[in-house]
There are 2 protein chains.
Amino acid sequence: MVRLDEVDLRILLALIRDPRIQVSELADEAGVARNTAQSRLRRLQRSEVLREGGRDIDLGVLGYDVLAFVTLEVNHRELDAVITALRQIPNVLEIHETSGRGDVWVRLIATDTHQLQSVLRQILRIKGVTRSETTFALHSHLAYRTAPLLEHYAEHDH
Amino acid sequence: MVRLDEVDLRILLALIRDPRIQVSELADEAGVARNTAQSRLRRLQRSEVLREGGRDIDLGVLGYDVLAFVTLEVNHRELDAVITALRQIPNVLEIHETSGRGDVWVRLIATDTHQLQSVLRQILRIKGVTRSETTFALHSHLAYRTAPLLEHYAEHDH
DNA sequence: CATAAATTTGACCATAATGCTCAAATTCTA
DNA sequence: TAGAATTTGAGCATTATGGTCAAATTTATG
């Protein structure tokens with residue numbers, strides 16, 4: 001498992017904001033010398049915290065091993081408030097309103113099941129949430145990817 | 001809606017592979033002059049096909065408006081074959097094995113419900129898939145994000 | 001089909017960024 | 001506290017960038 005210090009984090013956050021940011025700007029952001037930023041960046045890329053393609057950061061490498069999909073049943077009148085509350089939780093990575101019964105689908109991540117339980121309790125305390133169902137993602141067989149669709153787009157849709 | 005030609009696609013695919021690729025390399029990949037690659041990149045960034053600077057692609061902007069989550073019930077013995085078959089489908093963006101009954105969770109994207117139906121039929125034809133349940137994502141309230149978790153990581157876990 | 005509009009190209013240039021080395025200073029670890 | 005690892009600043013050669021421009025090419029439109 002990879003551990004990050006303040007400098008790594010600042011570099012990662014800057015890269016998320018703008019993946020094409022210059023190394024010299026990274027150095028400024030992180031408050032270190034350009035040389036340092038450059039070697040940190042190299043190390044992050046080698047350590048595979050920074051994934052090749054697909055989505056930005058590999059959170060598994062950082063110790064966030066538990067991934068869960070949570071479906072919430074929500075009182076329609078309070079939907080906006082529920083969404084707002086969910087967004088405040090850093091462990092909530094994604095929120096969609098889904099068909100069915102005005103349900104809400106949430107992607108949750110946690111370091112372990114204990115932390116997950118804690119987050120789930122937090123969610124259930126939100127006013128307007130009437131029920132929840134949690135599904136654990138045991139193993140990822142395909143990480144988010146868009147390349148094949150784009151290649152397909154090239155050959156067909158046009 | 002944004003339309004892409006061959007050059008745009010090659011640039012996007014190269015950026016997905018390596019978001020920090022140089023403009024001159026992009027030009028080579030796409031087989032155009034550096035000047036052209038540079039202006040195409042600018043245009044892609046302006047058009048917001050490229051989200052937040054370069055890493056992620058906004059498929060909605062390209063006309064992929066239908067997002068669905070599909071849960072499959074799978075014959076355990078044929079799980080590997082099912083996964084392999086699913087991966088062949090470009091519209092399948094993500095696959096996770098989930099708890100429950102050895103189920104498989106799939107993120108699907110399509111241009112319209114008609115195309116979605118076609119993909120769903122394709123999935124149901126896969127040997128080993130015994131049942132499926134589709135949930136439509138009507139509206140995204142929070143697109144995949146990791147920054148808040150990283151910031152939280154900075155303040156706590158260390 | 002002809003013309004206007006848009007895009008691409010290659011060339012050029014000044015500036016900035018990069019990758020590299022190195023020795024000294026600093027911080028971390030055992 | 002000694003040794004290891006990291007950071008720093010400086011310098012240097014090479015490459016990338018962003019910009020302009022006129023000519024060539026492609027695309028759109030009447």
Side-chain angles (χ1 to χ4, degrees), chain A residues 1-53 56-58 61-63 111 150-158, chain B residues 1-58 61-63 111 150-158:
Chain A
M1 195 177 98
V2 177
R3 295 193 156 269
L4 305 179
D5 67 5
E6 194 72 37
V7 173
D8 292 318
L9 280 164
R10 291 207 185 169
I11 289 177
L12 283 179
L13 286 168
L15 284 171
I16 291 172
R17 197 169 355 110
D18 174 14
R20 295 180 61 73
I21 191 175
Q22 322 250 27
V23 178
S24 35
E25 284 188 60
L26 280 181
D28 291 347
E29 293 269 350
V32 294
R34 182 170 70 87
N35 253 338
T36 308
Q38 206 136 28
S39 70
R40 292 297 192 111
L41 178 59
R42 253 197 307 269
R43 196 188 308 167
L44 287 169
Q45 288 168 333
R46 269 205 317 262
S47 76
E48 293 179 348
V49 176
L50 276 173
R51 271 190 195 154
E52 291 292 316
D56 38 21
I57 307 286
D58 189 331
V61 174
L62 295 183
T111 53
L150 287 177
E151 283 160 10
H152 186 262
Y153 175 95
E155 294 158 21
H156 300 66
D157 300 339
H158 292 90
Chain B
M1 194 177 100
V2 178
R3 293 191 159 273
L4 305 178
D5 67 4
E6 193 72 35
V7 172
D8 293 317
L9 281 164
R10 292 210 184 164
I11 288 177
L12 283 180
L13 287 168
L15 283 171
I16 291 172
R17 194 166 359 111
D18 174 15
R20 295 181 61 73
I21 191 176
Q22 319 250 25
V23 178
S24 34
E25 285 187 59
L26 280 181
D28 291 346
E29 293 268 350
V32 294
R34 184 170 68 87
N35 251 338
T36 308
Q38 204 136 27
S39 71
R40 291 297 191 109
L41 177 59
R42 254 197 308 270
R43 196 189 307 165
L44 287 169
Q45 287 167 334
R46 269 204 319 263
S47 76
E48 293 178 348
V49 176
L50 274 173
R51 275 190 196 147
E52 303 174 18
R55 195 167 269 275
D56 222 5
I57 307 287
D58 190 330
V61 174
L62 295 184
T111 53
L150 286 177
E151 283 159 10
H152 185 261
Y153 175 95
E155 294 158 19
H156 300 66
D157 301 337
H158 291 92

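The structure displayed is predicted, hence computed values, not measured ones. Just so we're on the same page: letters track the sequence lines, and every chain starts at 1.
- Atoms CZ (A:Arg3) and P (C:dC28) sit 16 Å apart, rounded to a whole Å.
- Looking at the side chain of A:Arg43, the nearest of the listed nucleotides D:dT8, D:dT6, C:dT7 is D:dT6.
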> Between B:Ile57 and B:Leu15, is a side chain to side chain contact (heavy atoms under 4.5 Å, CB included) present by the stated rule, with each step listed?
Replying inline: CA-CA 10 Å; B:Ile57 307 287; B:Leu15 283 171; over 6 Å; no
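- Annotation: the span from A:Glu25 atom CD to A:Arg34 atom CZ amounts to 13.0 Å, rounded to 0.5 Å.
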> What string of B, S and - do you get for nucleotides 19-24 of chain C, 5' to 3', if B is base contact, S is sugar-phosphate-only contact and - is no contact with any protein heavy atom under 4.0 Å?
Replying inline: BBB---
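- Per the geometry, CZ belonging to B:Arg20 stands 19 Å off P belonging to D:dT15, to the nearest Å.
- In this structure, CG on A:Leu41 lies 10.0 Å from CG on A:Asp8, to the nearest 0.5 angstrom.
- When distances are taken from the side chain of B:Ser24 to each of C:dT8, D:dA16, C:dT9, the shortest belongs to D:dA16.
- At distances below 3.5 Å, at least one donor-acceptor pair connects side-chain atoms of B:Arg20 with backbone N or O atoms of A:Ile21.
- Counting heavy atoms from C-beta outward, A:Glu151 and B:Leu13 have side chains that approach closer than 4.5 Å.
- The 5' end of DNA chain C is approached more closely, in terms of each residue's nearest nucleotide, by B:Gly31 than by the other of A:Ile21 and B:Gly31.
- For the helix from C:dC1-D:dG30 to C:dA30-D:dT1, the axis fitted to the five pairs at one end and the axis fitted to the five pairs at the other end meet at an angle of 70° (nearest 10 degrees).
- The distance between atom CZ of B:Arg40 and atom P of C:dA6, rounded to the nearest whole Å, is 15 Å.
- One distance of note links CD of A:Glu29 with CD of A:Gln22; it measures 12.0 Å at 0.5 Å rounding.
- Phosphate contact (OP1/OP2 of C:dT7, side-chain N/O of B:Thr36, threshold under 4.0 Å): absent.
- The shortest side-chain heavy-atom distance between A:Leu150 and B:Ile16 falls under the 4.5 Å cut-off.
- Counting heavy atoms from C-beta outward, B:Asp5 and B:Arg40 have side chains that approach closer than 4.5 Å.
- Taking atom CD on B:Glu6 and atom C1' on D:dT26, their separation rounds to 17 Å, with Å as the unit.
- One can place CG of A:Asp5 at 14 Å from P of C:dT27, the figure rounded to the nearest angstrom.
- Counting only distance, with no hydrogens or angles, the side chain of B:Tyr153 and the backbone of A:Leu4 share a donor-acceptor pair below 3.5 Å.
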